[in-house]
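Worksheet for the structure shown next.
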Amino acid sequence: MQEEVKLIVDGRRIDGRLPDELRPIKIEAGVLKNADGSCYLEMGKNKVMAAVYGPRKVQPKHLADPTQAIVRYRYNMAPFSVEERKRPGPDRRSVEISKVSREALESIIMKELFPRSSIDIFVEVLQADAGSRTACLNAASVALVDAGIPMKGIITSVAVAKVDGVLVLDPMKEEDNYGEADIPFAFFIRNGKIESIALLQMDGRVTKEELMQAVELAKKGAMEIYKLQREAIMRKYRVEEEEEE
Ligand code: UDP
């Protein structure tokens, strides 16, 4: 018989968090010298790096769109980022994550301003602990701002899981492994307000009511992350100003 894993004891999760609490988050913008924009981000034990290049000439040329910029997004997990060594190179999972993440960001980038160009976003997972796609999207958003890419707003991403029958914000690995459902979200935030959902995936099972509650819980978490994204961007410009003075 499979041993039952208790994920919530006396209302607390195994890392001591309440159901509606995020893991500690650290964001630093502008960390890579050779990229146009970059961001290092930690969400709990996730450690990710995002680098943005562009708008720049499309390579190979035949991919250029005469009406707008093309956006490319590559999510990559380092072989050492997970417990069991990950085989290097793309796989089905990373191709799918790259596609849905790109679509979320593409919807807010003002592509029509840069015909025939490309905006390339690379995200590297250095350490993963569930929610790596959400950490990468948050880092990519900050890196895009750092690169000065015109956008209609910002993308902020967080997952909600159902564990021991309870909805929890920003699940960690054990909750993802043994939980009943995992629902990553990304929101489009404009002028400090959540305007729409830009990404929603799910595995497992929840009721319609639980899904509605999950949206509200994710929104609460996204607003907290959004504040940290803004702070990271402001901090970078403040440091640059101080260096100039
Ligand atoms: N994971 C792993 N090996 C893999 C893929 C994933 O160990 O090849 C782990 C990793 O910790 C990841 C977690 O499983 O963060 C959950 O993966 P999922 O596919 O749900 O994506 P994520 O939650 O990271 O966006």
Side-chain angles (χ1 to χ4, degrees), residues 5 7 13-15 17 19-27 39-51 73-106 121-143 155-164 166-187 197-206 210-211 214-215 217-219 221-222 224-225 228-229:
V5 184
L7 294 168
R13 298 154 71 178
I14 47 178
D15 59 0
R17 279 185 290 161
D20 69 347
E21 267 182 79
L22 293 168
R23 290 174 283 189
I25 295 178
K26 196 174 128 185
I27 312 179
C39 175
Y40 172 73
L41 186 145
E42 292 180 7
M43 242 171 126
K45 290 185 201 146
N46 290 292
K47 297 183 178 184
V48 306
M49 181 72 89
Y73 187 100
R74 194 193 71 177
Y75 166 102
N76 184 54
M77 254 184 167
F80 51 79
S81 65
V82 285
E83 265 166 43
E84 209 168 296
R85 178 183 178 274
K86 151 101 181 46
R87 206 166 152 244
D91 52 23
R92 273 180 58 176
R93 175 179 171 275
S94 68
V95 170
E96 181 207 303
I97 292 177
S98 299
K99 177 180 183 286
V100 294
S101 304
R102 169 177 55 74
E103 286 169 353
L105 289 168
E106 241 186 330
I121 307 158
F122 297 91
V123 292
E124 296 289 325
V125 180
L126 307 174
Q127 187 168 286
D129 190 67
S132 65
R133 77 193 63 198
T134 67
C136 286
L137 265 171
N138 293 330
S141 278
V142 172
I155 291 288
T156 301
S157 179
V158 71
V160 167
K162 184 177 167 189
V163 301
D164 293 354
V166 179
L167 292 174
V168 297
L169 185 63
D170 188 23
M172 59 194 283
K173 187 81 172 74
E174 289 78 358
E175 293 172 329
D176 185 48
N177 281 2
Y178 303 109
E180 294 110 66
D182 176 29
I183 319 173
F185 289 90
F187 297 98
I197 297 176
L199 176 148
L200 197 170
Q201 296 180 284
M202 187 174 113
D203 57 53
R205 272 176 62 178
V206 293
E210 283 168 341
L211 181 61
V215 172
L217 186 54
K219 278 178 160 180
E224 291 173 29
I225 297 169
L228 299 174
Q229 287 175 304

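When a ligand or atom number is given, it counts from 1 through the structure's own listing order. What's counted below: heavy atoms across the whole structure, side chains too, no hydrogens, waters or symmetry copies. This structure is a prediction, so every number in the text was calculated from the model and none was measured.
Annotation: side chain of Met49 is not in contact with side chain of Cys39 (no heavy-atom distance under 4.5 Å).
Other residues, nucleotides and ligands contribute at most 12 non-hydrogen atoms within 6.0 Å of the CZ atom of Arg92.
Between Glu180 and Arg205 there is no salt bridge, since no side-chain N of the basic residue sits under 4.0 Å from a carboxylate O of the acidic one. Contact check on Lys86 versus Asp91 returns a salt bridge, with a Lys/Arg side-chain nitrogen under 4.0 Å from an Asp/Glu carboxylate oxygen. Salt bridge annotation for Arg17-Glu175: present, with a cationic side-chain nitrogen under 4.0 angstrom from a carboxylate oxygen. Salt-bridge annotation for Glu83 and Lys173: absent, with no side-chain N of the basic residue lying under 4.0 Å from a carboxylate O of the acidic one.
Among Leu137, Asp182, Val82, the residue whose heavy atom lies nearest to atom 3 (N) of ligand 1 is Val82. The heavy atom nearest to atom 23 (O) of ligand 1, considering only Ser101, Gly131, Ala161, is found in Gly131. When Arg93, Arg85, Met77 are ranked by how near their heavy atoms come to atom 17 (O) of ligand 1, first place goes to Arg93.
Those atoms of ligand 1 with a heavy atom of Asp176 less than 4.0 angstrom away are 16 (C), 20 (O). Each of the atoms 11 (O), 15 (O) of ligand 1 lies under 4.0 Å from some heavy atom of Asp129. Each of the following atoms of ligand 1 lies closer than 4.0 Å to a heavy atom of Ala128: 10 (C), 11 (O), 15 (O).
Taking all atoms of both residues into account, the shortest heavy-atom contact from Val48 to Ala135 is CG2-O, 3.8 Å.
Among all protein heavy atoms, the one lying closest to atom 24 (O) of ligand 1 is Ser132 OG, 2.6 Å. Among all non-hydrogen protein atoms, the one lying nearest atom 8 (O) of ligand 1 is Lys86 CD, 4.0 Å. For atom 25 (O) of ligand 1, the nearest non-hydrogen atom of the protein is Arg133 NE, 2.8 Å. Ranking the protein heavy atoms by distance from atom 15 (O) of ligand 1 puts Ala130 N, 2.7 Å first.
You'll find the ring centres of Tyr75 and Tyr73 outside the 6.0 Å limit.
Considering backbone and side-chain atoms together, Glu83 places no N or O closer than 3.5 Å to any N or O of ligand 1.
Contact annotation: Glu84 has no heavy atom less than 4.0 Å from any atom of ligand 1. Residue contacts with ligand 1 include Lys173, since one or more of its heavy atoms lies under 4.0 Å from the ligand.
No donor-acceptor contact under 3.5 angstrom links the side chains of Gln127 and Glu42, judged on distance only.
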